[in-house]
**Student:** 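The structure that follows is given in the form of structure tokens.
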Amino acid sequence: MDEMSKLNNDLINMQRQLSKVNAELSRLADLRNRFVGMAAHDLRNPLGVIKNYSEFLMQELNGKLSEDHFEIIKIIHSTGVFMHRLVEGILDLSAMQSGKVSLHVSRNNLGDMFSEIVKLNQTLAEIHSIRITLKKPTEHIVADVDKTKIRQVINNLLNNAVKYSSDGTEVNCALFRKDNFAVFCIKDQGIGISTEDQKSIFEPFRTISNEERREKSVGLGLSIAKNIVQAHGGSIDVQSEPGKGSTFCFTLPLPK
């Protein structure tokens, strides 16, 4: 009995120590998120100025500078755009991880929402002779969602599909009902994703190994998309094979 009592006391002490360690880790994680959020917030405005002013210079000085000088402005602009997008992504992710994101939910027609995003991405697709198709049911599928955030998810997935696809291919989109969920799927004919990369593709700052795309990735879009979908009570996954394209699908619960 004495031995059992000693073991029980040791276990209680270990649990107390573990609780203290967990509390400290939680405090440090919160401190980290606050610091990252503050730093990103302070960087957003000056980076926006660099991005906008360099874009203005590109428009005003096109044809008036030497090719080398104009290329410098283009590099400043593309770097500014990348850094601005990175900072915006960090702010979004930091807010989500700290649990400070609130959903502004309203009832929306999901088919109309999907159609709008397809039209927005069609211009980029046409530049590379990529055709986007959308298949949706004749019935209206409505759900209570944060329209801005769900549009952000769809746009991210569709934008990625176009950027990872070869010229002259197709990106096939579909919306359908499965049980009590709406299912969004976006299938491309791009480079595909290895099994190893699929394990971590939704983690922050993860990009595809040896990726070939038209625009450098900050590695935050899919992580943010996952957080948004899960906040709505849905899930997101990918099916892919190198050289055979990828299919990203996510679900949203429907009103009962």
Side-chain angles (χ1 to χ4, degrees), residues 103-195 197-198 201-202 208 211-215 217 221-256:
L103 299 178
H104 303 286
V105 174
S106 61
R107 186 149 295 188
N108 287 273
N109 184 313
L110 301 183
D112 290 347
M113 191 186 304
F114 211 167
S115 297
E116 291 171 7
I117 305 301
V118 167
K119 289 179 181 178
L120 287 175
N121 282 270
Q122 193 64 58
T123 301
L124 173 64
E126 288 175 353
I127 293 173
H128 302 284
S129 301
I130 295 172
R131 181 168 176 254
I132 303 177
T133 66
L134 173 59
K135 182 180 180 181
K136 56 183 183 179
T138 54
E139 63 169 325
H140 291 312
I141 300 181
V142 298
D144 299 320
V145 299
D146 185 317
K147 184 176 181 179
T148 300
K149 287 185 170 56
I150 294 303
R151 281 171 57 92
Q152 181 180 353
V153 173
I154 300 171
N155 187 66
N156 178 271
L157 297 179
L158 189 51
N159 199 256
N160 281 348
V162 171
K163 289 175 183 175
Y164 279 114
S165 294
S166 302
D167 290 4
T169 58
E170 276 192 0
V171 173
N172 306 120
C173 305
L175 170 65
F176 56 92
R177 180 192 296 267
K178 184 177 181 181
D179 299 327
N180 202 41
F181 287 87
V183 183
F184 295 77
C185 287
I186 297 175
K187 179 180 181 181
D188 64 55
Q189 299 173 359
I191 61 175
I193 306 170
S194 69
T195 302
D197 280 330
Q198 288 178 46
I201 195 70
F202 292 104
I208 296 175
E211 64 177 24
E212 298 175 9
R213 61 184 294 163
R214 299 185 176 92
E215 185 177 321
S217 171
L222 290 178
S223 178
I224 292 171
K226 180 180 179 180
N227 276 275
I228 291 173
V229 170
Q230 289 182 336
H232 281 81
S235 61
I236 185 170
D237 62 18
V238 60
Q239 293 183 344
S240 185
E241 189 175 339
K244 296 186 178 180
S246 305
T247 301
F248 283 85
C249 294
F250 72 93
T251 65
L252 294 173
L254 297 173
K256 296 181 179 179

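Counting begins at 1 with the first residue of the sequence.
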**Student:** With heavy-atom distances below 4.5 Å as the criterion, would you say the side chains of N180 and P253 are in contact?
**Tutor:**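 Side chain of N180 against side chain of P253, heavy atoms only: no contact under 4.5 Å found.
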**Student:** Test side chain to side chain contact (heavy atoms under 4.5 Å, CB included) on H232 and I228; report intermediate values, then the result.
**Tutor:** CA-CA 7 Å; H232 281 81; I228 291 173; 4.0 Å; yes
**Student:** For S166, is there any backbone N or O sitting under 3.5 Å from a side-chain donor or acceptor partner on Q189?
**Tutor:**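 Judged by distance alone, no pair lies under 3.5 Å.
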**Student:** Quick check against the 3.5 Å criterion: does D188 have a side-chain atom that pairs as donor or acceptor with the backbone of V171?
**Tutor:**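 No, the answer is negative, given that no donor and acceptor are paired below the 3.5 Å cut-off.
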**Student:** Atom CD1 in I186, atom CZ in F114: separation rounded to 0.5 Å?
**Tutor:**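 I186 CD1 to F114 CZ: 4.5 Å, rounded to 0.5 Å.
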**Student:** For E241, enumerate each residue passing the salt bridge (Lys or Arg N to Asp or Glu O under 4.0 Å) test, keeping only those at least two apart in sequence or located in another chain.
**Tutor:**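 So E241 forms a salt bridge (Lys or Arg N to Asp or Glu O under 4.0 Å) with K244.
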**Student:** Say you draw a straight line from CD of E126 to CD1 of I132; how long is it, rounded to the nearest 0.5 Å?
**Tutor:**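 Those atoms lie 8.5 Å apart.
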**Student:** In Å, rounded to the nearest 0.5 Å, how long is the span from CD of E116 to CG of N155?
**Tutor:**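 Going from CD on E116 over to CG on N155, the span is 11.5 Å.
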**Student:** Can you find a heavy atom in the side chain of L254 that is under 4.5 Å from one in the side chain of I141?
**Tutor:**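 Yes, side chains in contact.
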**Student:** Work out which heavy atom in P242 is nearest to a heavy atom in S194; give both atom names and the distance.
**Tutor:**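 Minimum heavy-atom contact is CG-CA, 3.8 Å.
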**Student:** Please find the pair of heavy atoms, one from K147 and one from N108, that lie closest to each other, and give the distance.
**Tutor:**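 Nearest pair, atom of K147 first, then N108: CD-OD1, 3.3 Å.
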**Student:** Nearest 0.5 Å, what's the OG1-CG distance between T247 and L157?
**Tutor:**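 Result: 11.5 Å between the selected atoms.
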**Student:** Please enumerate all residues that pass side-chain hydrogen bond (donor to acceptor under 3.5 Å, both in side chains) together with N172, with sequence neighbours excluded.
**Tutor:**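 N172 satisfies side-chain hydrogen bond (donor to acceptor under 3.5 Å, both in side chains) with T133, E170 only.
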**Student:** Using side-chain heavy atoms (C-beta onward) and a distance below 4.5 Å, is L175 in contact with L110?
**Tutor:**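 The answer is yes, as the side chains (C-beta and beyond) meet within the 4.5 Å cut-off.
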**Student:** Under 2.5 Å between the SG atoms: is that true for C173 and C185?
**Tutor:**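 No.
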**Student:** Below 4.5 Å, heavy atoms only, C-beta onward: do V118 and K136 meet side chain to side chain?
**Tutor:**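 Side chain of V118 against side chain of K136, heavy atoms only: no contact under 4.5 Å found.
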**Student:** Quick one: closest heavy-atom pair of V162 and A125, and the distance?
**Tutor:**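 The pair with the smallest heavy-atom distance is CG1-CA, 4.0 Å.
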**Student:** Applying side chain to side chain contact (heavy atoms under 4.5 Å, CB included), run through L120 and R151 and close with a yes or a no.
**Tutor:** CA-CA 11 Å; L120 287 175; R151 281 171 57 92; 3.8 Å; yes
**Student:** For the residue pair F248 and N160, establish whether any side-chain heavy-atom pair is separated by less than 4.5 Å.
**Tutor:**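 Not in contact.
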**Student:** Can you give me the closest heavy-atom contact between S246 and G192, atom names plus distance?
**Tutor:**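 Between these two residues, the closest heavy atoms are OG-CA, 3.6 Å.
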**Student:** Under 3.5 Å, side chain of N109 to main-chain N/O of G111, donor-acceptor pair present?
**Tutor:**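 Flag set: sc N109 to bb G111 pair under 3.5 Å.
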**Student:** Quick check for you: to the nearest 0.5 Å, what is the distance between R177 atom CZ and T251 atom OG1?
**Tutor:**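 Here the rounded value is 13.5 Å.
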**Student:** With sequence neighbours excluded, what pairs up with K178 under the salt bridge (Lys or Arg N to Asp or Glu O under 4.0 Å) test?
**Tutor:**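 Testing K178 for salt bridge (Lys or Arg N to Asp or Glu O under 4.0 Å), a comparison that skips the adjacent residues, returns none.
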**Student:** Once you round to the nearest 0.5 Å, how far does CG of L158 lie from CD of Q122?
**Tutor:**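 That separation rounds to 8.5 Å.
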**Student:** Are any of the side-chain heavy atoms of S165 and H128 separated by less than 4.5 Å?
**Tutor:**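 The answer is no; the side chains never approach within 4.5 Å.
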